[in-house]
Amino acid sequence: RDSNSSDNVSGRAGIQFDLTDDFMTYASYARGYKGPAYNVFFNMGPNNRPVIDAETVDSFELGFKSTLADGRVILNAAAFSAQYDNFQANNFLFLNNVLITTLTNAGKVKTEGVEVDFLARPTDALSLSGGIAYTDARVDRFPVPPEAPPGTPPQVRSGSQLPLAPKLKASLAGEYRIELASLNIVPGLVFAYQDEQWSDLNEPAALRIPGYSTIDVTVALSDKNDRYRLTLVGRNVTDENFTALKTGGGPGGVPRLQIPRDADRYFGLQFRANFGGK
């Protein structure tokens, strides 16, 4: 048994400047806080009593939002930077040959990057949307436990990429409305890409998740007012195999893989009805 108390004042401030009716810039600062914690699991022992220190973050963002081409294009962009102190991170380890997840203070970490997204209607029938984000999320300094012997190196090297934080993500989607006498046919396509990432702070080669891309297709039938829509959906039509998460401790020492449903190609039907509109 143990106890802990803590208090904090956090907040957010921002400024916005409208250069024109169609172009706005902004800047913001936020201070975030996550309170102390304990490693509580099925066989918690005395060595798990030390408190996990509170996590704080200073976050900055600078960007713009715009409407272009007489309202046919919306373009937004942002640059961001966040510095975390006493970052609380999950860490995998083996206890009595059982894989468990423990909480740890990962010291100072930083995430910074840029993202751009857009929505466009080149014609009344064609709609396009997409975005791209580059994120550099890394460990700046991992602490050495106070009880460790002098000269003990950090458990995680500085510069390690944070878990489940791909550097690059991108998407592109489009649909085209074909108008017939009594209904509309709307084919669509979505392309998505995600860069490689790791499942653990130490970037072990066995827990590397390779980058992958997927393509989804749809063909919809709708009435002229789009109150009713029936859509044939094809997910991951290229049948791209990928992993959502890897952990150690599999049979013979191989990693365990968490495979999402979308890692296999499948098809389905969706029906949508809108009520109350004109």
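In this text, all values refer to a predicted model and were calculated from it rather than measured experimentally.
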With Asp53, which residues qualify under salt bridge (charged side-chain N to carboxylate O under 4.0 Å, His left out), at least two apart?
none
Treating Thr20 as the side-chain partner and Asp22 as the backbone partner, does any N or O pair qualify as donor plus acceptor under 3.5 Å?
yes
Check whether any side-chain heavy atom of Asp262 lies under 4.5 Å from a side-chain heavy atom of Thr214, and answer yes or no.
no
Any ion pair linking Asp58 and Arg31 (charged N to carboxylate O, less than 4.0 Å)?
yes
Hey, any chance Phe118 and Leu126 share a hydrophobic cluster, counting ILVMFWY side chains that come within less than 4.5 Å of each other, even indirectly?
yes
Nearest non-hydrogen partners of Gln197 and Ala165, listed with the distance
OE1-N, 3.5 Å
Salt bridge check, Asp226 against Arg229: does any charged N sit closer than 4.0 Å to a carboxylate O?
yes
Check the hydrophobic clustering (I, L, V, M, F, W, Y; side-chain heavy atoms under 4.5 Å; chains of links allowed) and say if Leu128 and Tyr176 are grouped together.
yes
Between side-chain atoms of residues 73-86 and protein atoms elsewhere (two or more places apart, or another chain), which donor-acceptor pairs fall under 3.5 Å?
from  : atom 1 : to     : atom 2 : distance (Å)
Asn76 : ND2    : Asp117 : OD1    : 3.2
Gln83 : NE2    : Val109 : O      : 3.2
Asp85 : OD1    : Lys108 : NZ     : 2.6

Quick one: closest heavy-atom pair of Asn184 and Arg177, and the distance?
ND2-CD, 3.6 Å
Of all residues at least two apart in sequence or in a different chain, which pass the salt bridge (charged side-chain N to carboxylate O under 4.0 Å, His left out) check with Glu175?
none
Can Glu112 and Arg138 be counted as an ion pair, charged N to O under 4.0 angstrom?
yes
Between Asp216 and Asn236, is there a donor-acceptor pair closer than 3.5 Å when you use the side chain of the first and the backbone of the second?
yes
Here the pair of heavy atoms bringing Asp200 nearest to Pro163 is C-CG, 3.7 Å
Does Asp223 reach the main-chain N or O of Asn225 with its side chain, forming a donor-acceptor pair under 3.5 Å?
yes
Can a side-chain donor-acceptor contact be found between Asn8 and Ser10 if the only test is distance below 3.5 angstrom?
yes
Between Glu179 (side chain) and Leu183 (backbone), is there a donor-acceptor pair under 3.5 Å?
no
Around atom CG of Leu19, are there more than 12 heavy atoms of other residues, nucleotides or ligands at under 6.0 Å?
yes
Under the rule for salt bridge (charged side-chain N to carboxylate O under 4.0 Å, His left out), what residues qualify as partners of Arg141, not counting sequence neighbours?
none
Between Lys224 (side chain only) and Leu180 (backbone N and O only), is there a donor and an acceptor less than 3.5 Å apart?
yes
Smallest separation among heavy atoms of Ser199 and Ile209, with atom names:
OG-CD1, 3.4 Å
Walk me through it: do Arg72 and Asp124 pass the test salt bridge (charged side-chain N to carboxylate O under 4.0 Å, His left out)?
CA-CA 9 Å; Arg72 287 191 175 273; Asp124 291 341; 3.1 Å; yes
Same cluster or not: are Phe87 and Phe60 linked, directly or through other Ile, Leu, Val, Met, Phe, Trp or Tyr residues, by side-chain heavy atoms under 4.5 angstrom apart?
no
Heavy-atom donor-acceptor pair, Thr123 side chain to Ala125 backbone, under 3.5 Å
yes
Are Arg235 and Phe267 in a cation-pi setup, meaning NZ or CZ lies under 6.0 angstrom from the ring centre and within 45 degrees of the ring axis?
no
Measure centre to centre between the rings of Phe64 and Tyr26, then say whether the value is under 6.0 Å.
no
Testing the basics here: between Gly35 and Gln88, what is the closest heavy-atom pair and its distance to 0.1 Å?
O-NE2, 3.0 Å
Looking at OG1 of Thr67 and CG of Asp21, how far apart are the two atoms once the value is rounded to the nearest 0.5 Å?
10.0 Å
Results of salt bridge (charged side-chain N to carboxylate O under 4.0 Å, His left out) for Arg121 - residues two or more places apart only
none
Could you list all the ring-ring contact (aromatic ring centres under 6.0 Å, His included) pairs where at least one residue sits in residues 180-238, not counting sequence neighbours?
Tyr212-Phe242
Is Phe23 reachable from Phe17 through a run of I, L, V, M, F, W or Y residues, each pair having side-chain heavy atoms under 4.5 Å apart?
yes
Any side-chain heavy-atom pair of Glu61 and Ser28 under 4.5 Å
yes
Between Asp195 and Pro166, which heavy-atom pair has the shortest distance, and what is it?
O-CB, 3.4 Å
Does one hydrophobic cluster hold both Val190 and Val233, with members joined at side-chain heavy-atom distances below 4.5 Å?
no
